[in-house]
Amino acid sequence: MCKALFEPAAAPQSPPSTDDTARAPTSDGNKSAFAARRLTPSTFLIVEVDDVFDEHPFIYAKRVPAARTLVLLDTGCGGRTRRPDVELTPLRVFVETAPVADNGGRPLNARGAWAYVVVLSHCHYDHILGVDQFAHDSPVLVSAHDPTFLSPANLPTHSLCDSLGLESPSFTPSLTPDRAQLVSKDGVSLGLTLLHTPGHTPDELALWDEGDGMLYVGDTLYEDAHIIFPNEGSIVQWFASVDGLTAMLQKSGRAETAKINCGHKTAMGDAMEVLRTTKAFMRDVIDGKEKVKNKMTKRGEEHVEYVQDGGRYSLICPKRLVEEARVACL
Ligand SMILES: [Zn+2]
């Protein structure tokens with residue numbers, strides 16, 4: 001999402017996925033900007049619970065003991081919270097010091113004993129503002145689909161940091177090819193395949209954890225909040241990426257049980273069902289079966305809003321992207 005650029009939004013929003021009862025106290029009793037819970041034996045969901053942007057990004061942490069590595073998918077909003085009682089704000093400090101009940105009361109990477117591999121689902125501010133806590137000693141993997149999109153000259157604009165008056169973080173991205181098998185710094189498999197999934201942005205990517213049957217799709221889609229395309233997005237590419245993920249799952253033999261995990265809102269969803277129904281909603285938009293609910297101008301472009309009956313799926317995007325998709329798809 002990039003919700004801060006689109007307030008006020010008219011689509012129905014589900015209640016916050018976490019609340020004070022989910023907030024993880026730190027070992028010294030202070031409150032944290034993050035809360036974590038276990039999704040699989042190896043994987044945890046970390047939610048940035050009250051960031052100033054109301055993004056509540058989902059960050060995923062996969063523990064790989066054989067590689068003594070913690071893989072982080074995304075780094076959130078940098079712990080920027082509006083609550084004065086929150087004293088633990090850096091993601092790295094949370095991961096290395098905050099007890100997590102679902103991890104036996106231990107931090108996810110106690111004392112930073114394990115190495116990190118950081119993967120950025122894409123470069124929007126709500127996924128990268130914590131990256132500088134790791135970039136000085138850890139690889140930061142990004143999609144190599146469109147390297148110029150992430151160039152130092154373009155990052156402030158494409159991360160949306162400029163639009164929000166934020167300084168974009170400084171880091172050296174490791175451009176990673178499509179279908180790359182991720183390994184630790186010692187060459188040990190991390191059990192993850194990186195997939196290029198342009199659409200939301202040119203650099204959007206997905207991770208596929210075949211062992212756990214877990215698919216991570218960043219901001220490509222989610223439920224119960226606007227799917228947002230910035231000016232740099234492409235609905236045409238989005239359809240191709242969703243078709244590619246669907247085909248990959250079908251070939252994997254794990255389609256029936258695979259779970260989908262998104263950059264906001266949706267975790268542990270039925271992957272095939274969510275991919276199919278999101279695509280059907282987007283298809284209805286392109287086919288004119290969904291009507292424009294609202295119009296607005298953002299970053300110099302006319303945007304349109306669509307909201308599915310019941311509100312499970314909704315969309316805000318430049319009108320131009322819908323028109324391009326109609327030409328390409330109809
Ligand atoms: Zn985004």
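Numbering of residues begins at 1 and proceeds along the displayed sequence. Read the numbers this way: they start at 1 and go in the same order the structure lists the ligands and their atoms.
Nearest N, O or S atom of His122 to the Zn ion (ligand 1): atom NE2. The minimum distance between the Zn ion (ligand 1) and any N, O or S atom of His200 involves atom NE2. The Zn ion (ligand 1) sits nearest to atom ND1 when only the N, O or S atoms of His124 are considered. For Asp219, the N, O or S atom closest to the Zn ion (ligand 1) goes by the atom name OD2.
With hydrogens and angles left out, the side-chain atoms of Asp284 and Tyr306 include no donor and acceptor closer than 3.5 Å.
Scanning both residues, Ser42 and Asp212, for their nearest heavy atoms gives OG-OD2, 2.8 Å.
Of the candidates Val217, Asp219, Leu120, Leu195, Asp219 is the only one forming a side chain to side chain contact (heavy atoms under 4.5 Å, CB included) with Glu204.
Within 6.0 Å of CG in Asp137 there are more than 12 heavy atoms belonging to other residues, nucleotides or ligands.
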